[in-house]
Amino acid sequence: MNSIQSIENVSTNYFNLLDEYFSGIYNPQIDKSNHADLIVALKRAAKLLYLSLEELAQNIVDFWHVHGPILSSAVKELNTFNANYSGNITPLEGINFIKRGALYLDSVLVEDPLFILTNTRDFVNEEGFLHRIVKHVFNIYDLRSLFYGDGLVPLLIIVPPLSEFGEDIKVEINKIGLKYFNQLFNKDIKDLDYLYNYLKNCNSPESVIEKVEDRSLIFNSSPLTYLNEIHTSFQETRLKDKISCGEAFYYKIFGQITNISKDLFQATQFRSQIVFDSKEYWELYNWNNKITNLDTAIINTIQINDELKWLGNIDLDKLKTARNEREINDIRNIFRQSLFQNVSGLDLSEVSKKIINNIEDALAIHESKINDMDKKLKQKYSIDYISILTGLGITLTTLTGNATGILGLASAAYGFYDYIKGTNELAKDRKLADSSIIGLMFESKK
């Protein structure tokens with residue numbers, strides 16, 4: 001069994017495990033969030049599902065104990081260009097997120113959401129837990145076909161969870177958290193307990209904002225709304241009304257830093273890049289990390305930049321068909337044009353501008369190319385077929401015992417064959433141009 005088959009075999013066993021618990025309630029026609037609300041509303045069904053998830057928590061641990069080493073080894077053996085996903089539990093932008101990633105990456109590695117969800121069960125209240133697990137599990141179901149590559153490397157690969165942090169990573173997470181809040185508040189707090197108590201008495205978004213000295217470190221254009229949403233999100237937890245806005249903000253930032261640290265550690269294990277699903281995560285990562293790797297900058301520009309959202313309009317089935325080594329390398333070269341690694345740190349604003357300009361230039365060249373093809377095809381199709389056939393007819397009248405006439409007929413016949421062949425080849429090239437990745441990008445931007 002080769003590496004791709006090993007990966008897909010693990011995916012099949014993973015979905016078989018999901019099916020034992022969720023296949024009876026999954027419906028692809030219903031919106032994930034609405035369906036989650038529906039399941040929670042069905043109190044009896046929700047209770048049965050909640051109780052069955054106790055067994056699932058152990059089953060998922062057992063699953064990765066068996067399949068984790070196989071999967072990890074197979075991914076490393078592929079030696080492909082991958083990125084570890086970082087952000088929400090699953091990429092809730094789903095297909096659009098994958099389409100943008102598929103323009104540059106071979107695969108996106110997603111840490112098992114079931115393990116993450118079942119391990120946070122005690123923190124979240126029953127209703128909130130069911131809402132989250134149904135939403136994210138159904139999202140994985142929606143993306144199911146992308147875990148199979150029909151002989152090629154799959155676009156999505158579920159990878160085993162990172163269950164334990166080393167003490168050195170935990171210490172680093174605490175340092176980064178203190179650094180963030182000290183810069184945000186312009187303080188010199190050295191103790192996490194002191195920081196927690198400093199925020200604990202902030203009962204409203206306004207009281208948190210009053211302490212902020214550097215608003216640029218709240219990575220949202222509407223800080224008050226952002227802080228209120230963070231506070232509200234804790235209504236799903238067992239803390240509920242017991243937690244202040246300041247405490248919620250504290251947990252949120254340390255949670256994000258922990259997630260990024262975990263995903264970075266996994267990325268080093270798989271020798272992959274890291275790709276984020278939101279500006280908030282990307283900007284927090286940039287704040288604490290000097291971006292020197294060009295591929296990391298390009299991947300996340302494609303995902304995050306608002307001016308490139310139209311890339312999500314690409315037809316995924318056509319994109320999967322078009323993806324091959326030559327096509328992907330061509331697109332990567334377009335993105336990378338005139339961009340270089342910089343050990344002192346990349347100017348991400350300039351990288352974004354250059355990528356957008358590179359894409360615009362490539363689309364303009366493609367448009368010129370297909371316009372030229374269309375012009376030539378029009379010229380060929382506008383030739384009077386009757387005059388060609390008349391030419392053949394005239395030649396036929398000269399056949400009576402005339403060797404020259406026979407040569408004339410052969411000449412006319414082969415000329416007509418060359419004409420048809422040339423036209424067909426040009427039409428074929430035109431079709432190939434449309435079905436290429438740059439062609440799909442051009443079509444999606446129209």
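Side-chain atoms are counted along with the backbone in the values below, which use heavy atoms only and exclude waters and symmetry mates.
A donor-acceptor contact closer than 3.5 angstrom links the side chains of N288 and K179. Between the side chains of S86 and D263, at least one donor N or O lies within less than 3.5 Å of an accepting N or O. A donor-acceptor pair shorter than 3.5 Å can be found between the side chains of N139 and T90. Looking at E8 and S11, their side chains never bring a donor and an acceptor atom within 3.5 Å of each other. A side-chain N or O of Q256 and one of E280 form a donor-acceptor pair less than 3.5 Å apart.
The main-chain N or O of G312 is found under 3.5 Å from a side-chain atom of K99 such that the two form a donor-acceptor pair. Under a 3.5 Å cut-off, the side chain of N88 and the backbone N or O of P91 do not form any donor-acceptor pair. A distance-only check finds no donor-acceptor pair linking the side chain of S368 to the backbone of I365 [under 3.5 Å].
At a threshold of 4.0 Å, the pair E443-K318 does not count as salt-bridged, since none of the basic side-chain nitrogens sits closer than that to a carboxylate oxygen. The pair K252-E229 does not meet the salt-bridge criterion, since no charged nitrogen lies less than 4.0 angstrom from a carboxylate oxygen. With respect to R336 and D295, a salt bridge is recorded, a charged nitrogen being found less than 4.0 Å from a carboxylate O.
In this view, Y148 satisfies the ring-ring contact (aromatic ring centres under 6.0 Å, His included) rule with no residue, not counting sequence neighbours. Residues that satisfy the ring-ring contact (aromatic ring centres under 6.0 Å, His included) test with Y141, not counting sequence neighbours, are Y26. For F81, the ring-ring contact (aromatic ring centres under 6.0 Å, His included) partners two or more places apart in sequence, or in a different chain, are Y104.
Aromatic rings from Y250 and F254 are positioned such that their centres are separated by under 6.0 Å. Note: F147 and Y14 fail the aromatic proximity criterion, with ring centroids not under 6.0 Å apart.
Within the structure, salt bridge (Lys or Arg N to Asp or Glu O under 4.0 Å) contacts touching residues 138-148 (residues at least two apart or in different chains) are D19-R144, K32-D142.
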Can you give the donor-acceptor pairs under 3.5 Å from side chains of residues 299-310 to other protein atoms, not counting sequence neighbours?
unit_1 : atom_1 : unit_2 : atom_2 : d
N300   : OD1    : F276   : N      : 2.8
N300   : ND2    : I274   : O      : 3.1
N300   : ND2    : T296   : O      : 2.9
T301   : OG1    : A297   : O      : 2.7
Q303   : OE1    : R100   : NE     : 3.3
Q303   : NE2    : F97    : O      : 2.8
N305   : OD1    : E307   : N      : 2.8
D306   : OD2    : K279   : NZ     : 3.0
W310   : NE1    : E307   : O      : 3.2

Report, one line per pair, each donor and acceptor closer than 3.5 Å where one atom sits in a side chain of residues 57-67; sequence neighbours left out.
unit_1 : atom_1 : unit_2 : atom_2 : d
Q58    : NE2    : D62    : OD1    : 2.9
N59    : ND2    : Y21    : OH     : 2.6
W64    : NE1    : D112   : OD2    : 2.8

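Among N186, L217, L227, L184, the single residue meeting the side chain to side chain contact (heavy atoms under 4.5 Å, CB included) criterion with V212 is L184.
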I would like to know whether S244 and E247 meet side chain to side chain donor-acceptor pair (under 3.5 Å); could you show each step before the answer? CA-CA 5 Å; S244 71; E247 289 173 293; 3.2 Å; yes
